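Just below is one structure, and these are the notes that go with it.
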Amino acid sequence: MDSNKQNLAVPIAIVIAGIIIASAFYFSNSSGSNNVAKQDLEDNQQAQQAEQPTGSTDDVNPVTEDDHIKGNINAAVKIVEYSDFECPFCQRFHGTMNQIVDEYDGDQVAWVYRQFPLEQLHPVKAMAEAVASECAAELGGNDAFWQFADRMFELTETNNRTDIETVIPQIVNEIGLDNDAFQECFASGRYDDDIQEDIENAVVTGGRGTPWSVVIGPDGTTYPLNGAQPYASVKQLIDLVLSNK
Amino acid sequence: MVKGLLQVFQKIQYSLLAGSIALVIFSFIVLFPNLRLLIQILSNQTFSFGAKMQFVFSLFGSIQTNFTFISATYTILIAVLFGMNIAMFAYYIRRQRAVVGKSNSALGVGGLVSGIFGIGCASCGTFILTWALGFFGATGLIAFLPLGGEEFGILGVILLLYSVVTIAKKISSPQVCVI
């Protein structure tokens, strides 16, 4: 009898492990899940959170001229990436996405960058870098945004180790932005709501970490892409989606 | 210990069992973050079977891009060690018609569970650990862990390794009646 109990220990424990994983998956996809970014939202926007949809990629905010886009806004496939300048996986994925937009015609694939700074993991710095990138866009347009983003991902030490007091002014100078105007923009807080909206949209579409991407196909079908997937996977996915016209 | 390992894994069926379990665990960990996407792609009737398979296999490349060096290392080790653990459990139980002690079972499974909590792909952090801590409203704790939750994966490897060594020793020890 006792030995029977012992024999059952392994399968029972494996089942428990399976339940833990399944629960994690279930809760991570439900609207009531806990998430590092969402925790911040809970603090600030409890009323709005009650109305959040169920984590469908179809809830991705439409791509507009206000977005930061590499490629044609009417491209057949749009990859909307929610990213954090302090995230090492976003740094890797940034390189992958640059490779993708180099490989495909701008009419075929467009890359849309949205903000998803994970405040609990990268306090202060991730948000500061997100604000700085928005100010770069305000002062220098879409090209300046991408110059800032590319350079930021080159210089960031990630995981909250970046010396933003040095790196941000350095990039501002390198890309030729007006320093005073940049400082005014940076201190104004006028992009806080926009960034918060991006964070909310990332969470609403199912983002539970960064990088989180929603791929929008030519027929409007949306696909979730989680994490810094390799170039081959992103390319395969694009080719599949392009074939699904 | 080596004698015990050879005793088990020289038998092809136990090597296959260990390899199969390791592959399943590894695939699960690597593909899990994109389960929703995989279901969507695999259930799409317009995509060819070959293209679907190519996409699935391409996702295995994320072990290089979506994991840190430490997490990729312990992910592979956890998969291999857990496969070895199960195969050795099976061998020991079948050979001796006996049971492996509770402590060994607990070590093996504890190692897997700990390893699962250390899965660090797809985001800046360990997504299952993030969820689990979030359940208690303590996601901020991850920021205070020196390796951002990867400690659990390393602990998993240590537990599984200890379990493998202990079972291997039991297997290689002579079968005698202790008085």
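These figures come from a predicted structure and were not determined experimentally. What you see below is based on every heavy atom in this structure, not just the backbone, and it leaves out hydrogens, waters and symmetry mates. Residue numbers start from 1 in every chain, and the chains themselves are labelled A, B, ... in the order their sequence lines are given, proteins ahead of strands.
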- Message: For a quick test of reading the model, state the closest non-hydrogen atom pair linking Pro230(A) to Ser58(B) and the distance between them.
- Response: CG-O, 3.6 Å

- Item | Spacing of Thr68(B) atom OG1 and Phe89(A) atom CZ [to the nearest 0.5 Å] | 5.5 Å

- Item | Most chain B-contacting option - heavy-atom pairs closer than 4.5 Å, from Pro123(A), Ala232(A), Pro224(A) | Pro224(A)

- Item | Engaged part of Gln40(B) at the chain A interface, taking heavy atoms whose separation is under 4.5 Å | side chain

- Message: Which heavy atom of Phe55(B) sits nearest to which heavy atom of Ser233(A), and what is that distance?
- Response: CE1-O, 3.4 Å

- Please state whether the side chain, the backbone, both or neither of Ile41(B) comes within less than 4.5 Å of a heavy atom of chain A. side chain

- Query: With a 4.5 Å heavy-atom cut-off, do Leu37(B) and Val215(A) have their side chains touching?
  - Reply: no

- Contact class of Ser83(A) relative to chain B, heavy atoms under 4.5 angstrom: neither

- Can any side-chain N or O of Asn66(B) pair as donor or acceptor with the backbone N or O of Gln229(A) at less than 3.5 Å? no

- Query: Under 3.5 Å, is there a donor-acceptor pair between the side chain of Asn226(A) and the main chain of Asn34(B)?
  - Reply: no

- Hey, what do you get for NZ (Lys235(A)) to CD (Gln54(B)), rounding to the nearest 0.5 Å? 10.0 Å

- Task: Answer with side chain, backbone, both or neither: which region of Thr158(A) has an atom nearer than 4.5 Å to a non-hydrogen atom of chain B?
- Result: neither

- Query: Do Arg92(A) side-chain atoms and Gln64(B) backbone N/O form a donor-acceptor pair below 3.5 Å?
  - Reply: yes

- Query: Hey, what do you get for CG (Asn44(B)) to OG1 (Thr221(A)), rounding to the nearest 0.5 Å?
  - Reply: 8.0 Å

